[in-house]
Amino acid sequence: MLGKFFNKPDPELSDRVPPGQYLTKGFPVLTYGETPVIGTSEWQFSVWGMAKPKTFTWSDFMNLPQHEFTQDFHCVTRWSKLDVQWTGIKVSDFMKLIELEPGVTHVMQHCYGGYTTNLDLDEFWREDNFFAFKLFGEPLPAEHGGPMRLVVPHLYAWKSAKWINGLEFLAAEEPGFWERNGYHRRGDPWTEERYGGL
Ligand SMILES: Nc1nc2c(c(=O)[nH]1)N[C@H]1C(S)=C(S)[C@@H](COP(=O)(O)O)O[C@H]1N2
Ligand SMILES: [Mo]
C-alpha cells in the first residue's frame, strides 16, 4: 500500500490522521456492488419507522440551507483523505422537518442499491453531519454517491451512505450491511473501532 499513492503523514499532519491510516491524494471509490445511476428528478427520500412517514423530493432538499463543509475522510481499509470539500445540508436542518415518536434511539440509513448502515441517534443527529450533493464544487459524481449521500465525518466512512434514499428510525439497534458482516457497530477511527459487529 505504501509508495506512490499512499503516504505516511507529514509530522505536522499526523494529529489529523487516525492510527493505522495512510494518506491518499486521490479519492478512491469504495462501493460494494453496482453503482446506481439516479437523476435528481427521480431521486426521493423517505423517513419511516418511529417517525411520521414522509417522502421528500430533490427540491424539498434544495430549499433547505446549504453550506460548504471541509472534512477529513477515513476508510476502514486504511486510506484517509484530508480536506475533502463538500456542499450540503446539515442533518440538524433536515431533522426540523421530521416528527419522531418518543423512544427513538437508533437510525438505519437506506440507499438505492440496498446498502444499509446503522447509527445511534446521537451519532447521526450532530451539527457536523450533512447530506452532500457537491464534491469540490461539482455535482457529486455517481461513484461517490451522487446525487446525494450522507457524510458522518467523525466515524469511518462506511457510515457515510452513498445514494441515500431513506432513514428508518428505531427503538433498538439493528446492524446494517457491513455491521452484519463483522464491522464495528460504531466505527470511531480514533479508537480504531474497525471490527466487532453487533
Ligand atoms: N450505498 C453505499 N454507500 C457506501 C458504500 C457502499 O458500498 N454503498 N461504501 C462505504 C464505504 S466502505 C466507504 S469507505 C465510503 C466510500 O466513499 P467513496 O466511494 O466516495 O470514497 O462509502 C461508504 N458508503
Ligand atoms: Mo470503507
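In each ligand, atom 1 is the first atom listed, and ligand 1 is the first ligand listed. Hydrogens, waters and symmetry mates are skipped; everything else that's a heavy atom, side chains included, is used. This structure is a prediction, so every number in the text was calculated from the model and none was measured.
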Which protein N or O atoms sit under 3.5 Å from any N or O of ligand 1? Give atom names and distances.
residue  : atom   : partner : partner atom : Å
ligand 1 : 1 (N)  : Lys162  : O            : 3.0
ligand 1 : 3 (N)  : Lys162  : N            : 2.9
ligand 1 : 7 (O)  : Tyr32   : N            : 2.7
ligand 1 : 9 (N)  : Leu30   : O            : 3.1
ligand 1 : 17 (O) : Arg149  : NH2          : 3.1
ligand 1 : 19 (O) : Leu30   : N            : 2.9
ligand 1 : 19 (O) : Lys162  : NZ           : 2.5
ligand 1 : 20 (O) : His144  : ND1          : 2.6
ligand 1 : 20 (O) : Arg149  : NH1          : 2.7
ligand 1 : 21 (O) : Pro28   : O            : 2.7
ligand 1 : 22 (O) : Arg149  : NH2          : 3.1
ligand 1 : 24 (N) : Ser160  : O            : 2.9

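Residues Glu193 and Arg186 are paired through a salt bridge, judged by an N-O separation under 4.0 Å between the basic side chain and the carboxylate. The pair Lys54-Asp60 does not count as a salt bridge, with every side-chain nitrogen at least 4.0 angstrom from each carboxylate oxygen. The existence of a salt bridge linking Glu174 and Arg180 is excluded, since no basic side-chain nitrogen approaches an acidic carboxylate oxygen closer than 4.0 Å.
Residues His67 and Phe130 place their aromatic rings such that the two centres sit no closer than 6.0 Å. Outside the 6.0 Å centre-distance limit, the rings of Tyr32 and Tyr115 are not counted as a close aromatic pair.
With rounding to the nearest 0.5 Å, the separation of OG in Ser80 from OH in Tyr22 is 11.0 Å.
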